[in-house]
Amino acid sequence: MERTFVIAKPDAVQRGLVGEIIVRLERRGLKLVGAKFLLVSRELAEKHYAVHVGKPFYEGLIRYITSAPVMTMVWEGPQAIAAVRQTMGATRPVEAAPGSIRHDFGLSVGRNLTHASDSPETAAFEIGLWFTEAELVNWQRPTDAWIFEGN
Ligand code: IDP
Ligand code: MG
């Protein structure tokens, strides 16, 4: 079973789309194992987006993610990292597949509503950065056997 880290970014919170994002991930069959609503500090934003330091959009990205509250989450499931990236859609909303969150609710790459880990290494780093072990919940759903093959 894989875990991945997700942010409903400030634009998603301001536009009242947190529920919509959660609904789509729940409906897909993914399981929520952690959630936290917070205002991101510059320090945390810089750690999270360290791979983008020096890129032309970096300063704007830090301003964006620290501008208003975000909803952070950890979701679990088989191939959760790929599944969540697919549900989010491509980074640029106009290149995101129809039916994806970024397609259905976005237009600008700098206001693309969500973040999701892009690899097992990134997921492990980001979950550790944003959540403590005690904030993650191991729980059983009676429906798991109908969603997770081999469970
Ligand atoms: P991802 O969020 O799909 O993984 P990344 O390439 O990791 O995309 O970029 C991180 C975030 O930086 C994007 O989600 C988006 O908010 C922002 N970003 C990426 N490229 C641009 C750009 O060209 N202009 C403005 N913002 C950008
Ligand atoms: Mg990324």
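Start at 1 and go down the list; that is how both ligands and their atoms are numbered. Every value quoted in this text rests on a predicted model; they were computed, and no experiment measured them.
Annotation for Leu107: atom CG does not count as buried by contact number, only 12 or fewer foreign heavy atoms lying within 6.0 Å.
Among all protein heavy atoms, the one lying closest to atom 4 (O) of ligand 1 is Arg85 NH1, 2.8 Å. Nearest protein heavy-atom neighbour of atom 16 (O) of ligand 1: Lys9 NZ, 3.0 Å. At the top of the distance list for atom 20 (N) of ligand 1, counting protein heavy atoms only, stands Phe57 CE2, 3.5 Å. Here the protein heavy atom with the shortest distance to atom 6 (O) of ligand 1 is His52 CE1, 3.8 Å.
Of the heavy atoms in Met88, none comes closer than 4.0 Å to ligand 1. When non-hydrogen atoms are compared, ligand 1 lies under 4.0 Å from neither the backbone nor the side chain of Arg111. Heavy atoms from both the backbone and the side chain of Thr91 come within less than 4.0 Å of ligand 1. Of the heavy atoms in Arg92, only side-chain atoms (C-beta onward) come closer than 4.0 Å to ligand 1. Looking at Asn112 against ligand 1, only its side chain comes within 4.0 Å, counting heavy atoms.
Of the N and O atoms on the side chains of Glu95 and His103, not one donor lies less than 3.5 Å from an acceptor on the other residue. Thr87 and Arg28 are linked by a side-chain donor-acceptor pair at a separation below 3.5 angstrom, with hydrogens and angles left out of the test.
Under a 4.0 Å heavy-atom criterion, Lys55 is not in contact with ligand 1. Heavy-atom separations between Val109 and ligand 1 include at least one value shorter than 4.0 Å.
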Side chain to side chain contact (heavy atoms under 4.5 Å, CB included) between Arg24 and Asp104, worked out: CA-CA 12 Å; Arg24 286 174 177 229; Asp104 290 356; 3.1 Å; yes
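Between Ile21 and Ala12, the shortest heavy-atom distance links the atoms CD1-CB, 3.8 Å.
Both the sub-6.0 Å distance and the 45° axial angle are satisfied by Arg111 relative to the ring of Tyr64.
Classified by interplanar angle (parallel below 30°, tilted 30° to 60°, perpendicular above 60°), the ring pair Tyr49/His115 is perpendicular.
With Trp75 as the fixed residue, the side-chain contact (heavy atoms from CB on, under 4.5 Å) test singles out one of Glu26, Lys31, Glu2: Glu26.
In this structure, the side chain of Thr114 does not engage the main chain of Ile7 through any donor-acceptor pair within 3.5 Å.
Of the polar atoms of Arg102, at least one N or O is found under 3.5 Å from an N or O of ligand 1, judged by distance alone.
Of the listed options Ile7, Leu61, Ile62, Leu61 places a heavy atom closest to atom 12 (O) of ligand 1.
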